[in-house]
Amino acid sequence: MDDKVRNVVDGAIDRLNELMPAGGEVSKDPATVLLGQDGLLDSMGFINLVVALEEGFEKEFGRQVNLSDGLAAGAQPHTIADLYQALTRIAQSKKLLAV
């Protein structure tokens with residue numbers, strides 16, 4: 001996994017956790033389930049995460065990226081590991097990372 005993508009995800013999770021109620025913070029563990037039956041995020045939480053990720057992409061890569069299109073094109077990320085993979089694919093498709 002690319003360090004820049006990890007920085008974006010970790011920073012977005014930190015920002016998201018600032019909005020979460022005490023005890024409801026999202027772990028950065030790759031196995032953490034974000035969405036689905038056992039997911040930690042509701043639809044608003046996921047939207048907040050996507051916004052934080054987009055802001056992180058702009059800061060880390062110096063370019064605005066609309067992640068909702070890229071995330072909708074592939075499978076929704078179920079876990080943190082899925083999120084890393086999806087964002088790496090998006091960054092590669094936008095030529096922000098070497099393939």
Side-chain angles (χ1 to χ4, degrees):
M1 168 189 2
D2 184 81
D3 286 341
K4 287 186 175 189
V5 171
R6 178 179 289 280
N7 290 341
V8 169
V9 173
D10 287 353
I13 292 171
D14 288 342
R15 297 233 5 241
L16 179 66
N17 283 336
E18 293 172 3
L19 304 173
M20 300 296 282
E25 293 87 4
V26 175
S27 167
K28 295 176 187 172
D29 183 310
T32 299
V33 178
L34 296 172
L35 298 173
Q37 185 171 342
D38 296 323
L40 298 174
L41 301 179
D42 59 12
S43 57
M44 185 56 77
F46 186 68
I47 289 169
N48 287 332
L49 177 60
V50 170
V51 169
L53 289 167
E54 288 177 346
E55 290 170 353
F57 254 78
E58 186 171 4
K59 181 179 177 185
E60 190 71 37
F61 293 101
R63 196 165 139 204
Q64 286 186 330
V65 176
N66 183 343
L67 295 179
S68 59
D69 292 342
L71 292 174
Q76 287 275 324
H78 183 68
T79 65
I80 297 288
D82 296 338
L83 185 60
Y84 286 135
Q85 291 173 353
L87 294 177
T88 298
R89 279 193 311 272
I90 291 168
Q92 289 171 339
S93 74
K94 303 283 184 188
K95 306 224 186 302
L96 301 173
L97 294 175
V99 178

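Note that the structure is a prediction, hence the values are computed from the model and not measured. For the numbers below, each heavy atom of this structure counts, side chains included, while hydrogens, waters and symmetry mates do not.
- Within 6.0 Å of NZ on K59 lie no more than 12 heavy atoms contributed by other residues, nucleotides or ligands.
- The cluster map of Ile, Leu, Val, Met, Phe, Trp and Tyr, joined by side-chain heavy atoms under 4.5 Å apart, puts L83 and F61 in the same cluster.
- The two residues L16 and L41 have their closest heavy-atom pair at CD2-CD2, 3.7 Å.
- With T88 contributing its side chain and Y84 its backbone, the two residues share a donor-acceptor pair below 3.5 Å.
- Under the side-chain hydrogen bond (donor to acceptor under 3.5 Å, both in side chains) criterion, R15 pairs with E55, not counting sequence neighbours.
- D29 has its side chain out of reach of I80: every pair of non-hydrogen atoms, C-beta onward, lies at least 4.5 Å apart.
- Looking only at distances, a side-chain donor or acceptor of R63 sits under 3.5 Å from a matching main-chain atom of K94.
- In the hydrophobic clustering of ILVMFWY residues, with side-chain heavy atoms under 4.5 Å counting as a link, V33 and L87 come out apart.
- Looking at heavy atoms from C-beta onward, E58 lies out of side-chain contact with V65 at the 4.5 angstrom threshold.
- For E54 (side chain) and L67 (main-chain N/O), a donor-acceptor pair under 3.5 Å exists by modelled atom type.
- Residues meeting the side-chain contact (heavy atoms from CB on, under 4.5 Å) test with D42, sequence neighbours left out: M44.
- Each of L49, L40, I13 was evaluated against L34; a single residue qualifies, L49, per the side chain to side chain contact (heavy atoms under 4.5 Å, CB included) test.
- In this structure, the separation between CG on D38 and OG1 on T79 is 12.5 Å, given to the nearest 0.5 Å.
- Every residue was checked against the side-chain hydrogen bond (donor to acceptor under 3.5 Å, both in side chains) condition with N48, not counting sequence neighbours, and none meets it.
- Under the 4.5 Å side-chain contact rule for hydrophobic residues, M20 and F46 share a cluster.
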